[in-house]
Number of protein chains: 2
Amino acid sequence: MISKKTKYALKALGYLAEHSTGDPILISELAKEENIPRKFLEAILVSLRKGGVLKSKIGKGGGYMLALPAAQITIGRVVGILEGGFALVECLNDNVKVACEECGDPACCGIRLVMSEVKSAIDSVLESTTLADMVERSESARQHKSKIMDYSI
Amino acid sequence: MISKKTKYALKALGYLAEHSTGDPILISELAKEENIPRKFLEAILVSLRKGGVLKSKIGKGGGYMLALPAAQITIGRVVGILEGGFALVECLNDNVKVACEECGDPACCGIRLVMSEVKSAIDSVLESTTLADMVERSESARQHKSKIMDYSI
DNA sequence: ACATAAGCCTACTTGATCTATAGACATAGG
DNA sequence: CCTATGTCTATAGATCAAGTAGGCTTATGT
């Protein structure tokens with residue numbers, strides 16, 4: 001289950017991707033428009049900045065902007081920043097080479113072997129989907145729906 | 001990330017699948033052999049029994065047995081029993097038709113659309129892998145390794 | 001230079017959930 | 001009836017997610 005943090009992050013990034021005009025967007029605007037607790041959002045945005053997907057401008061007239069085109073930001077990257085990797089068992093997280101306490105031999109641990117496959121499956125989706133895809137898909141779902149509404153009137 | 005509960009469950013089930021002779025196996029044996037806290041394991045086994053993958057015999061000479069052949073128990077089923085469904089967002093859990101508080105319109109929520117794809121990817125692995133597969137894969141990894149050891153001696 | 005509008009940082013609170021443990025109870029076998 | 005075994009209920013402790021508070025730093029415009 002992804003955390004609220006990650007959900008908020010994706011919502012905020014979606015908003016930035018949709019409303020970006022080159023000028024920075026205020027935290028308070030993001031918080032209000034996407035219904036995210038202001039202070040909580042601050043922390044999330046800092047993580048995203050440190051993770052390289054956002055850049056900020058301090059001081060009057062400041063705010064947040066995407067650091068990259070939305071089409072170059074994968075959902076996997078965002079999830080990775082906020083969930084700290086996205087493996088299903090510790091011993092599959094990037095950078096972690098130690099075995100879980102339980103499985104004596106990581107190479108032979110059945111659980112690890114299976115979960116490694118699951119992780120690949122997840123990653124292949126998450127790494128191939130970008131913020132731009134997400135926004136576009138949401139938009140087209142919305143249009144599709146309003147079209148149906150039209151017919152029914 | 002899967003919980004320890006789920007890991008313990010898979011380990012216990014793996015042991016049962018490997019050592020099943022028709023006679024029930026004691027909780028204490030499972031706990032000892034797989035290094036699982038005895039009382040914690042008890043609770044896990046009860047869940048698995050209620051979930052239909054184990055059956056128990058009470059009283060002297062009692063213990064636990066698989067309720068089905070290992071080849072008919074999917075890892076997805078086990079994970080589902082212990083994690084209570086395995087969606088990445090609430091609104092994708094089976095039986096749950098309500099929207100997450102955040103996404104006003106579930107049909108148009110980009111996050112939901114993406115996570116729904118991820119869930120499909122996870123499920124396709126988890127539902128197509130059985131306990132028997134897991135045990136067999138672990139076993140063959142172990143043999144492969146010992147073979148390499150042989151050569152190196 | 002100063003006032004103001006931003007983001008930045010550190011610390012804390014609260015509540016939930018995961019992990020683990022204890023002890024009394026129920027059931028079957030001999 | 002005694003003993004071995006699983007079952008149930010309750011609870012304690014640790015960890016973590018979610019949210020809150022307040023002060024600090026940096027930039028802009030006058």
Side-chain angles (χ1 to χ4, degrees), chain A residues 1-12 16 23-32 34-51 53-67 79 81-86 88-90 93 100-102, chain B residues 1-12 16 23-32 34-51 53-67 79 81-86 88-90 93 100-102:
Chain A
M1 189 85 89
I2 65 175
S3 61
K4 277 196 172 184
K5 224 171 176 167
T6 301
K7 262 194 243 175
Y8 288 154
L10 289 171
K11 290 184 70 173
L16 284 169
D23 286 338
I25 291 180
L26 301 184
I27 296 182
S28 47
E29 178 179 345
L30 283 168
K32 189 178 168 196
E34 297 293 339
N35 265 297
I36 305 172
R38 162 73 200 262
K39 280 298 207 176
F40 196 30
L41 178 57
E42 272 186 28
I44 294 167
L45 295 176
V46 168
S47 298
L48 291 172
R49 177 172 54 76
K50 288 183 179 163
V53 304
L54 284 184
K55 58 186 174 188
S56 63
K57 203 184 160 204
I58 301 184
K60 203 168 184 176
Y64 274 97
M65 296 153 285
L66 296 182
V79 172
I81 292 169
L82 287 142
E83 309 272 323
F86 197 36
L88 295 161
V89 287
E90 308 106 29
N93 268 327
C100 348
E101 346 160 0
E102 289 85 23
Chain B
M1 192 83 90
I2 64 175
S3 62
K4 276 197 173 180
K5 223 170 178 170
T6 301
K7 264 194 242 175
Y8 288 155
L10 290 171
K11 292 184 70 175
L16 285 170
D23 286 339
I25 292 180
L26 300 184
I27 296 182
S28 47
E29 177 179 346
L30 283 168
K32 190 180 170 195
E34 297 292 339
N35 265 298
I36 305 171
R38 161 72 200 262
K39 279 299 208 175
F40 196 31
L41 179 57
E42 273 185 26
I44 294 167
L45 295 176
V46 168
S47 299
L48 291 172
R49 178 172 53 77
K50 288 184 179 163
V53 303
L54 285 183
K55 58 187 175 188
S56 64
K57 204 184 158 201
I58 301 184
K60 204 169 185 176
Y64 273 98
M65 297 152 285
L66 295 182
V79 172
I81 291 169
L82 286 143
E83 309 271 324
F86 197 37
L88 295 161
V89 286
E90 308 107 27
N93 268 328
C100 348
E101 346 161 1
E102 289 84 24

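The figures here come from the full heavy-atom set of this structure, side chains too, leaving out hydrogens, waters and symmetry mates. Remember, it's a predicted structure, so these values are computed and weren't measured experimentally. A note on names: the letters A, B, ... follow the listed sequences, proteins ahead of strands, and every chain is numbered from 1.
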Under 3.5 Å: donor-acceptor pair, side chain of A:Glu83, backbone of A:Ser3 = yes
Of all the heavy-atom pairs spanning A:Ala31 and A:Leu41, show the shortest one and how long it is.
-> N-CD2, 3.6 Å
For A:Tyr64 and A:Val46, the nearest pair of non-hydrogen atoms, with its separation, is OH-N, 3.9 Å
Sugar-phosphate only, base, or nothing, as touched by B:Leu26 at under 4.0 Å among non-hydrogen atoms = sugar-phosphate
So among B:Leu16, B:Ile81, B:Leu66, which one has a side chain to side chain contact (heavy atoms under 4.5 Å, CB included) with B:Val53?
-> B:Ile81
Protein N or O to nucleotides 13-17 of chain D N or O, pairs below 3.5 Å:
none

Whole-Å distance between D:dA12 P and B:Lys39 NZ?
-> 16 Å
Positional range of nucleotides in DNA chain C within the contact set of chain A, heavy-atom, under 4.0 Å = C:dA5 to C:dC9
Do any of residues 56-64 of chain A sit with a heavy atom less than 4.0 Å from DNA chain D, and if so which?
-> A:Lys57, A:Ile58, A:Gly59, A:Lys60
Whole-Å distance, A:Lys55 NZ to D:dT26 P, equals 21 Å
Closest heavy-atom pair, A:Pro24 versus A:Gly61, reported as atoms and distance to 0.1 Å, is CG-O, 3.5 Å
Listed partners of A:Leu26 passing side chain to side chain contact (heavy atoms under 4.5 Å, CB included), at least two apart = A:Ser28, A:Glu29
Does the side chain of A:Leu30 come within less than 4.5 Å of A:Ile36's, by heavy atoms?
-> no
For A:Arg49, side chain to side chain donor-acceptor pair (under 3.5 Å) partners two or more places apart = none
According to a strict under-4.0 Å criterion, is A:Arg38 in side-chain N/O contact with OP1 or OP2 of D:dA18?
-> no
By side chain to side chain contact (heavy atoms under 4.5 Å, CB included), B:Lys60 pairs with (sequence neighbours left out) none
Under the side-chain hydrogen bond (donor to acceptor under 3.5 Å, both in side chains) rule, what pairs show up with a residue in residues 37-47 of chain B, not counting sequence neighbours?
-> B:Arg38-B:Glu42
